[in-house]
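Below is one structure, written out as structure tokens; comments come after it.
Remember, predicted model here, so these are calculated numbers, not experimental data.
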Amino acid sequence: LLCVLCLLAACEQAKMNPDGSHQLNEQTKSELSNPLAQSTNASELSLATIAIRSGEVVHNFSAEVAVTDEEREKGLQNRQSLPGNFGMWFIFPGEVSTSFWMKDTFIPLDLIFVGSNYRVVDLIENAVPQSQDLLSSDVPYQYVLEVNVGKVHELGIAAGDVVEYRVGPAE
């Protein structure tokens, strides 16, 4: 009986059923549905798909959505990495000219500023990690997509490209 109890305890610790099948707890399920949460200890932000049409090509990004003042202020601070086609989508209540900075952000990023008409209005490439320089758009915007450095250049994203925002991660 003692051996059976030890085996059951070991299976619980390893998150496996006694028959060898895997059992996911809620935290593990959450991490699988939100890859940003795995290595970043991300908050409970929702995920969205941001699709950017550059010419005839559509580029999809899965992004955490920052809609409150606190979420926008925190952004991607204190993150050590960002998966390939992932980012953060900032939503403002209307068009703004607010500046961004990279304080406590360890990942080099590209910033894509999007107007209320869902068109790219400005871009900042290669934002320097931990810099306190103010980064701002020359044109008012309502949304910003932060992505890994080099994505804007690699994908040919430019002012005027059309952006689509959908709830849920990119497939």
Side-chain angles (χ1 to χ4, degrees), residues 26-54 58-152 155 157-171:
E26 290 306 310
Q27 179 181 352
T28 304
K29 288 178 187 175
S30 172
E31 289 174 353
L32 288 175
S33 67
N34 182 356
L36 290 174
Q38 288 180 327
S39 63
T40 63
N41 200 16
S43 67
E44 298 296 320
L45 298 175
S46 62
L47 282 180
T49 298
I50 309 303
I52 302 175
R53 179 176 296 279
S54 297
V58 176
H59 309 288
N60 290 312
F61 295 91
S62 288
E64 283 185 80
V65 179
V67 68
T68 67
D69 289 340
E70 294 80 20
E71 291 167 347
R72 289 190 301 263
E73 185 176 318
K74 182 174 180 183
L76 290 170
Q77 289 181 347
N78 301 311
R79 308 280 181 101
Q80 298 300 318
S81 63
L82 184 64
N85 278 350
F86 282 77
M88 181 164 277
W89 179 246
F90 296 82
I91 300 175
F92 293 87
E95 287 197 334
V96 296
S97 296
T98 305
S99 295
F100 280 66
W101 67 357
M102 298 290 288
K103 180 182 180 204
D104 297 326
T105 304
F106 305 119
I107 309 163
L109 299 170
D110 288 346
L111 285 73
I112 303 167
F113 296 89
V114 179
S116 60
N117 64 353
Y118 287 96
R119 289 196 174 268
V120 174
V121 296
D122 206 355
L123 304 156
I124 293 179
E125 296 183 61
N126 198 21
V128 177
Q130 301 189 56
S131 171
Q132 293 187 32
D133 292 342
L134 296 180
L135 307 171
S136 56
S137 169
D138 290 334
V139 180
Y141 59 88
Q142 186 168 357
Y143 311 97
V144 176
L145 178 63
E146 289 184 342
V147 296
N148 279 307
V149 71
K151 285 292 182 182
V152 165
L155 302 175
I157 297 170
D161 287 353
V162 177
V163 178
E164 182 180 338
Y165 165 68
R166 298 186 301 261
V167 176
E171 297 177 5

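- For the pair K151 and N85, the minimum side-chain heavy-atom distance is below 4.5 Å.
- Here the CZ-CD distance, from F86 to E146, works out to 15.5 Å after rounding to the nearest 0.5 Å.
- In this structure, the side chains of I112 and L123 come closer than 4.5 Å at one or more pairs of heavy atoms.
- Between E95 and P140, the shortest heavy-atom distance links the atoms OE1-CB, 4.0 Å.
- In terms of heavy-atom proximity, L155 sits nearest to H59 at O-NE2, 3.2 Å.
- The shortest distance between side-chain heavy atoms of Y141 and L111 does not fall below 4.5 Å.
- Between D133 atom CG and K103 atom NZ the span is 13.5 Å, to the nearest 0.5 Å.
- In this structure, OG on S54 lies 5.0 Å from CD1 on I157, to the nearest 0.5 angstrom.
- Between L109 and M102, the closest side-chain pair of non-hydrogen atoms falls below 4.5 Å.
- A salt bridge links R79 with E64: the closest approach of a Lys/Arg side-chain nitrogen to an acidic carboxylate oxygen falls below 4.0 angstrom.
- Below 30°, between 30° and 60°, or above 60°: for Y143 and Y118 the angle between ring planes is below 30°, a parallel geometry.
- Put simply, the side chain of L145 reaches to within 4.5 Å of the side chain of I52, judged on heavy atoms.
- A search for ring pair (Phe, Tyr, Trp, His ring centres under 6.0 Å) contacts involving F106 returns nothing, not counting sequence neighbours.
- Summarising the geometry of L76 relative to T105, their closest heavy-atom pair is O-CG2, 4.0 Å, with the distance given to 0.1 Å.
- In this structure, the side chains of V163 and V120 come closer than 4.5 Å at one or more pairs of heavy atoms.
- Of all the heavy atoms in S136 and D122, the pair that sits closest is O-OD2, 4.4 Å.
- Y165 is listed as a side-chain neighbour of V65, based on a closest heavy-atom distance under 4.5 Å.
- Put simply, CG on D110 and CG on N126 are 7.0 Å apart, with the number rounded to the nearest 0.5 Å.
- With a 4.5 Å cut-off on side-chain heavy atoms, R119 and V162 count as touching.
- Atoms CE and CZ, on M88 and R72 in that order, are 11.5 Å from each other to the nearest 0.5 Å.
- Contact between W101 and Q77 at its shortest, heavy atoms only, is NE1-NE2, 4.3 Å.
- In this structure a side-chain-to-backbone donor-acceptor pair under 3.5 Å is present from E71 to V67.
- Atom CD1 of I124 and atom CG of L135 lie 4.5 Å apart (nearest 0.5 Å).
- Counting only distance, with no hydrogens or angles, the side chain of N60 and the backbone of T49 share no donor-acceptor pair below 3.5 Å.
- Considering all non-hydrogen atoms of both residues, Q142 and S116 come closest at OE1-CB, 3.1 Å.
- Not counting sequence neighbours, Q130 has no partner by the side-chain hydrogen bond (donor to acceptor under 3.5 Å, both in side chains) test.
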